[in-house]
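Structure first, then comments.
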Number of protein chains: 2
Amino acid sequence: MATAKTEKLSASLEDYLEAIYNLSVDGSVARSKNIAQALEVSRASVTGALRILAEKQLVNYKPYGYITLTKQGCIEAQRVVRKHNIIEKFFVDVLGVEHTVAQKAACEAEHAFGPQIVEKLLCFIEFVNSYNKNGYDLHDEFRSFFRKHGSIAAGDSN
Amino acid sequence: MATAKTEKLSASLEDYLEAIYNLSVDGSVARSKNIAQALEVSRASVTGALRILAEKQLVNYKPYGYITLTKQGCIEAQRVVRKHNIIEKFFVDVLGVEHTVAQKAACEAEHAFGPQIVEKLLCFIEFVNSYNKNGYDLHDEFRSFFRKHGSIAAGDSN
DNA sequence: TTGAAAAGTTAGTTTGGACTAACTATATTA
DNA sequence: TAATATAGTTAGTCCAAACTAACTTTTCAA
């Protein structure tokens, strides 16, 4: 009954799904060109990835046709995007990392974090946000702690 | 003046350096066999990696000879190992993730975290450890918060 | 001291994921 | 509606990183 292949997706294929999802979000449809730009790969690479994703029944794709996510593809994409957002949020909101650095690192780290860690991380962000014992705000507390004890590090930015 | 190549190492090569470092730590010397076991790759793959690392002057390697890290190799390895340990510590000590899951995820995530994030993360672990305003321990606080608000998730363990 | 067993290497193959160059299809606009 | 620009595909290449099978070197025990 044509059950879609449930093998774990490679980091690369997850990136393509994520890009397609993000491009589809604002009403507009994902185009090969835009996917290539978003991921900074060649158009030919996009074609190759789309063929594989279509085989796995994660995208609806016919040569020269529109590109949309299948039901399953959408579920997968959302899983990846959600993970990305949680990780990025942790970097920015909790650690106070620069947005651009956080964005880039989240993009790579998202493939390494399994469900247990992601859920714990999400819960931890909520914990930090909601913490308010005796009027102490953990964001402020950590900021000032970092000012006192944080290393300079920096260097190559990322 | 034979300046060692300073190109960024691939995740794979970082893994090899890390394994060699860890095997060398307890006095004993890294052997090809043990590296293969540690990384769960074939002995032939180890030979290939060692050749490349030797070219980059990160290991001292002659066929059939002992394997040791060069000065620069040791610096690189320590950088990777330190990163790994900080990430794993965060997962286990702060998030309360199972040790085995944390270990595995840290191994993959270590290649994605740049210096800025690692330093912030380290500082954050120290912050959580040292926090003691009005006798509140953040570890306890989060544990109980997670019990109340954490999702079940689980499923495929990782 | 010699001859298996173990360790290590070499040669050749595979796979995933990228690339360029050249071709084809679609869209646009004069 | 024909010419041309743009988008997309195909074919072929490259590279890193893994693999197996077969070979060589080293080690160790009889």
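Note that these values count all heavy atoms, side chains included, but never hydrogens, waters or copies made by symmetry. The sequence lines fix the lettering, A, B, ..., with proteins before strands; numbering per chain opens at 1.
If you measure from atom CG of A:L50 to atom C1' of D:dA7, you get 13 Å, rounded to the nearest angstrom. For the pair A:L39 CG and C:dC19 C1', the interatomic distance rounds to 15 Å; values are reported in whole Å. Atoms CG (B:L17) and C1' (D:dA17) sit 16 Å apart, rounded to a whole Å. In this structure, A:I52 atom CD1 and D:dT10 atom P are separated by 13 Å, rounded to whole Å. Protein atom CG of B:D15 is 12 Å distant from nucleotide atom C1' of D:dA17, rounded to whole Å. Computed from coordinates, the A:Y16 OH to C:dG16 C1' distance equals 11 Å when rounded to whole Å. Atom C1' of nucleotide D:dA16 and atom NZ of B:K8 are separated by 14 Å, given to the nearest angstrom. Residue A:I67 contributes atom CD1, which lies 13 Å from atom P of D:dA7 at whole-angstrom precision.
Residues from residues 41-49 of chain A that place a heavy atom under 4.0 Å from any atom of DNA chain C, listed by number: A:V41, A:S42, A:A44, A:S45.
Atom NE2 of A:H149 sits about 15.0 Å away from atom CD of B:E119, to the nearest 0.5 Å.
Picking from C:dG8, D:dA7, D:dA18 the nucleotide with the shortest atom distance to the side chain of A:R31 gives D:dA7. Out of D:dT9, C:dA18, D:dA18, the shortest distance to the side chain of A:S32 is found at D:dT9.
No continuous path of hydrophobic side-chain contacts links A:F124 to B:V92 [ILVMFWY only; heavy atoms under 4.5 Å].
Between B:Y66 and D:dT26 there is no side-chain N or O to OP1 or OP2 distance below 4.0 Å. Distances shorter than 4.0 Å separate none of the side-chain N or O atoms of B:R51 from OP1 or OP2 on C:dT9. The phosphate of C:dC23 (OP1 or OP2) has no side-chain N or O of A:Y64 nearer than 4.0 angstrom. The shortest distance between the side-chain N/O atoms of A:S10 and the OP1/OP2 oxygens of C:dG17 is below 4.0 Å.
When side chains are defined from C-beta on, A:Y136 counts as touching B:N134, because their heavy atoms get closer than 4.5 Å. Using a 4.5 Å cut-off on side-chain heavy atoms (C-beta onward), A:E98 and A:Q103 make no contact.
Residue A:E18 forms a side-chain contact (heavy atoms from CB on, under 4.5 Å) with just one option from A:E110, A:Q78, A:R79, A:E76, and that option is A:E110.
Map B:E40 and A:Y61 each onto its nearest nucleotide of DNA chain D; the residue landing nearer the 5' end is A:Y61.
A donor-acceptor pair is defined here as one N or O able to donate and one able to accept, closer than 3.5 Å; such a pair exists between the side chain of B:K83 and the backbone of B:F113.
For B:E126, there are no salt bridge (charged side-chain N to carboxylate O under 4.0 Å, His left out) partners two or more places apart in sequence or in a different chain.
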